[in-house]
Amino acid sequence: MMTLEQPGGKMVVELVGAFTELTERMSHSAVLSSSSSRLLFKALKLSIPILHSLPLLPDGRSPLSKALSLALILADLQMDAEVISAGILRQVIEGGAISMYEVRDRIGTGTAHLLHESMRLNNISSKVEALDDESASALRKFCLTYYDVRAIILDLVLKLDMMRHLDSLPRYKQQMISLEVMKIYAPLAHAVGANLLSLELEDLSFQYLFPYSYLFVDTWLRSHETGSKPLIDVYREQLLRSLRSDQYLTEMVQEISVEGRYKSRYSTMKKLLRDGRKPEEVNDILGLRVILSPASGVNSSAIGEKACYRAREIIQSLWKEIPSRSKDYIMRPKVNGYKSLHMAIDISENGRTRPPMEIQIRTAEMDMLAAAGTASHALYKGGLTDPEEDQNKYAKTRNGVLYVTGLCKLRSSAIINSQAKRLKAIMMAAAELAALRLKDFPSTNHTSLESDHRNRVFRLLDKNGDGKISIEELMEVMEELGAKGEDAREMMRVLDSNSDGSLSSDEFDLFQKQVELMRNLEYRDVQCKSMLNDKLQMENSSGMVQVYRKELGKMLPVN
């Protein structure tokens, strides 16, 4: 008799558990259709045994863990069953365990189409040579014209998952990916209305691109804490108790939740440095969100709105409201359909002045719209419709649907290994070794000097002058640096994009541009840190931040 401890029994448990959690999250505000349920069940049943057979990912997770993580994010965004199924099956396709045709035949044409679109997005980065503002803007416009909006949501979630697990990559690779996310993906998420995705992508990119600046902003935001418990938790618990103890409110709703958040770190830095605001002029450092789930019924929307206004009255009895900064987006929704009550609360106490706290009040349905953005809500009704019905609608309205895409395919996984950190240091040192010999070449033209220096670095490494750096030549310079032969072979695999066994001047030039980019990022980080310190006055005489100093090491990415 099979037991749950056996592989088959364990997979049944995983299948049932994953299906239950996904459908519960998808049916947050409505009833999930039977065909959507069948689609998800088929995708999970097909994927789970295959994902179990695949090797661990470079970040140490199992492919099944990543697939379910992607699916849960998509479910929280209230995407439809086809998108969630594509998110699950993406790991199966990447593992080479099943073909796109098998997905079409066994799962459905719509899911196969989304997988195909998402796989096409991997090569979009090749369409631009530099990630400057102009190129990034042009690429976003191209994406918005030619790709399925659901594919971009899936691609954005893939990038978010990648950004949440960057620790396994070397420092320079973290920065390259983060720069692409900051320039392309975060603005793209904003463009399709997925604002929560956009904010988290910005903050994660900010942390990896400018770690010291991020630390300063984060520490300043947390400096408003008092006592052992975070201030945001104190206010969240106080508000939740008051809401749940109100009999009139609890008669209208079946569930009350209060979420707390600090202001986006990246947004805070922009306000301090780009907008030139003083620290005391940066508002909404703390924020609470009240989410009310009215009892299901004919008038649930009207009851939900009434409950929101009752919650506002309770908050007004707890704290002093700042009327000039409060907004009613329920009575007057935004153009994109966004609904919520916004309140600004004065939380200064005992002579200590604090920036106002923002409180948002909304129903679960309003929150779903705000989280998923207008694209998923308006076009696909939050993943709660019949996928067969959606497929027919999609076939009829294809030219009228917004098309979007993503960017950035990871290059060879060879760099993600135990030698990655040492390899990066050797690569940097190799460029510097040659560059040090070039200091006696003056020039009045900075641009031509920079290009000439890169060419001369290449010529110094290309000892036989045949226009290519061979593995033997690379090993020779590695020996000068005290490195081993396998490091040269590893570096060759990383930089040799056409796999011809040697490095051309173009391939080496791309590497040097990346080196220069990393140096510029580090220089900019030091500049931003200095400017933030002048505004926030965070350092003591030892040069360390005063708050959470002991956490400095774990908060910064290491080389």
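The basis for the numbers below is simple: all heavy atoms, side chains too, and nothing from hydrogens, waters or symmetry mates.
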**Report entry** Side-chain donor/acceptor of Arg244 to backbone N/O of Ile256, under 3.5 Å
**Finding:** yes
Query - Approximate separation, where rounding is to 0.5 Å, of Leu77 CG and Leu72 CG - result: 11.0 Å
Query raised in the report: Between CG of Leu197 and NZ of Lys159, what distance do you get to the nearest 0.5 Å?
Result: 12.0 Å
Requested in this report: Measure from NZ or CZ of Lys306 to the centre of the six-membered ring of Tyr309, then state whether that distance is under 6.0 Å and the direction lies within 45° of the axis.
Outcome: no
Query raised in the report: In this structure, are over 12 heavy atoms from other groups packed under 6.0 Å from Lys270 atom NZ?
Result: yes
Report task. Compare all side-chain heavy atoms of Tyr235 with those of Trp319 and state whether any distance is below 4.5 angstrom. Result -> yes
Query raised in the report: Yes or no on salt bridge (Lys or Arg N to Asp or Glu O under 4.0 Å) for Asp76 and Arg25, after CA distance, side-chain angles and deciding distance?
Result: CA-CA 6 Å; Asp76 286 339; Arg25 296 196 187 197; 2.8 Å; yes
**Report entry** Heavy-atom check, side chain of Leu51 versus side chain of Val92, under 4.5 Å
**Finding:** yes
Report task. Check whether any side-chain heavy atom of Pro294 lies under 4.5 Å from a side-chain heavy atom of Gln254, and answer yes or no. Result -> no
Requested in this report: List in chain and number order the residues that pass side-chain contact (heavy atoms from CB on, under 4.5 Å) with Asp161, two or more places apart in sequence or in another chain; answer none if no residue qualifies.
Outcome: Arg61, Lys66, Ser69, Leu70, His165
Report task. Considering non-hydrogen atoms only, spot the tightest contact between Ala151 and Ser118 and give its length. Result -> CB-N, 4.5 Å
Query raised in the report: Has the side chain of Ser267 got a donor or acceptor atom that lies under 3.5 Å from a matching backbone atom of Ser264?
Result: no
Query - Stepwise side chain to side chain contact (heavy atoms under 4.5 Å, CB included) check, Leu273 with Cys528 - result: CA-CA 8 Å; Leu273 298 186; Cys528 289; 4.2 Å; yes
Query raised in the report: Counting heavy atoms not belonging to Lys320, are there more than 12 under 6.0 Å from its NZ?
Result: no
Requested in this report: Would you name the heavy atoms of Ser47 and Ile88 that are closest together and state the gap between them?
Outcome: OG-CG2, 3.5 Å
Query raised in the report: Is there a side chain to side chain donor-acceptor pair (under 3.5 Å) between Gln360 and Arg362 once you walk through the steps?
Result: CA-CA 7 Å; Gln360 299 172 349; Arg362 58 182 65 158; 2.9 Å; yes
**Report entry** Side-chain donor or acceptor of Asp328 paired with backbone N/O of Leu341 under 3.5 Å
**Finding:** no
Query raised in the report: Please walk me through it: do Leu292 and Glu255 pass side chain to side chain contact (heavy atoms under 4.5 Å, CB included)?
Result: CA-CA 6 Å; Leu292 306 171; Glu255 185 179 350; over 6 Å; no
Report task. Report yes if some heavy atom in the side chain of Pro170 is under 4.5 Å from a heavy atom in the side chain of Lys173; otherwise report no. Result -> yes
Query raised in the report: Are side-chain heavy atoms of Met162 and Leu158 found at a separation under 4.5 Å?
Result: no
Query raised in the report: Could you give the distance from OG1 (Thr111) to CG (Leu89), rounded to the nearest 0.5 Å?
Result: 7.0 Å
Query raised in the report: Hey, which of Leu318, Val253, Ile314, Ile361 is the one that makes side chain to side chain contact (heavy atoms under 4.5 Å, CB included) with Leu243?
Result: Ile314
**Report entry** Pairing of Arg150 and Glu82 as salt bridge, 4.0 angstrom limit
**Finding:** yes
Query raised in the report: Are Ser326 and His342 close enough that some pair of their side-chain heavy atoms sits under 4.5 Å apart?
Result: no
Query raised in the report: What residues form a salt bridge (charged side-chain N to carboxylate O under 4.0 Å, His left out) with Lys339, not counting sequence neighbours?
Result: Glu305
Query - Met366/Thr363 under side chain to side chain contact (heavy atoms under 4.5 Å, CB included): CA gap, chis, key distance, verdict - result: CA-CA 5 Å; Met366 296 174 191; Thr363 64; 3.2 Å; yes
Report task. Could you grab the distance from atom CD of Glu117 to atom CG of Asp148, nearest 0.5 Å is fine? Result -> 5.5 Å
Requested in this report: Locate the shortest heavy-atom distance separating Asp203 from Tyr266; write the atom from each residue and the value.
Outcome: OD1-N, 2.9 Å
Report task. Step by step, work out the side chain to side chain contact (heavy atoms under 4.5 Å, CB included) result for Leu288 and Glu259. Result -> CA-CA 6 Å; Leu288 296 177; Glu259 300 172 353; over 6 Å; no
Query raised in the report: What are the two closest heavy atoms between Leu57 and Ser62, and how far apart are they?
Result: CD1-O, 4.1 Å
Query raised in the report: Is there a donor-acceptor pair closer than 3.5 Å between any side-chain N or O of Ser198 and the backbone N or O of Pro187?
Result: no
Query raised in the report: Hey, are Glu200 and Arg164 close enough for a salt bridge, meaning a charged N less than 4.0 Å from a carboxylate O?
Result: yes
Report task. Check side-chain contact (heavy atoms from CB on, under 4.5 Å) between Gln316 and all other residues, then give those that pass, not counting sequence neighbours. Result -> Arg312, Glu313, Glu321, Met343
Report summary line: Gly260 and Ile232 have their tightest heavy-atom pair at CA-CG1, 3.8 Å
Requested in this report: Would you please indicate yes or no on a ring centroid separation below 6.0 angstrom for Phe142 and Tyr146?
Outcome: yes
Query raised in the report: Quick check: does any side chain N or O of Gln174 sit under 3.5 Å from a backbone N or O of Leu169, one acting as donor and the other as acceptor?
Result: yes
Report task. With the side chain counted from C-beta on, respond yes when Leu160 and Val181 share a heavy-atom pair under 4.5 Å apart, and no when they do not. Result -> no
Query - Closest non-hydrogen atom pair, Ala75 against Ile84 - result: CA-CD1, 3.8 Å
Report summary line: To the nearest 0.5 Å, atom OH of Tyr329 lies from atom OG of Ser340 at 9.0 Å
Requested in this report: Would you indicate whether the side-chain heavy atoms of Pro356 and Arg325 approach each other to under 4.5 Å?
Outcome: yes
Query raised in the report: What distance do Leu166 atom CG and Leu204 atom CG have between them, rounded to the nearest 0.5 Å?
Result: 8.0 Å
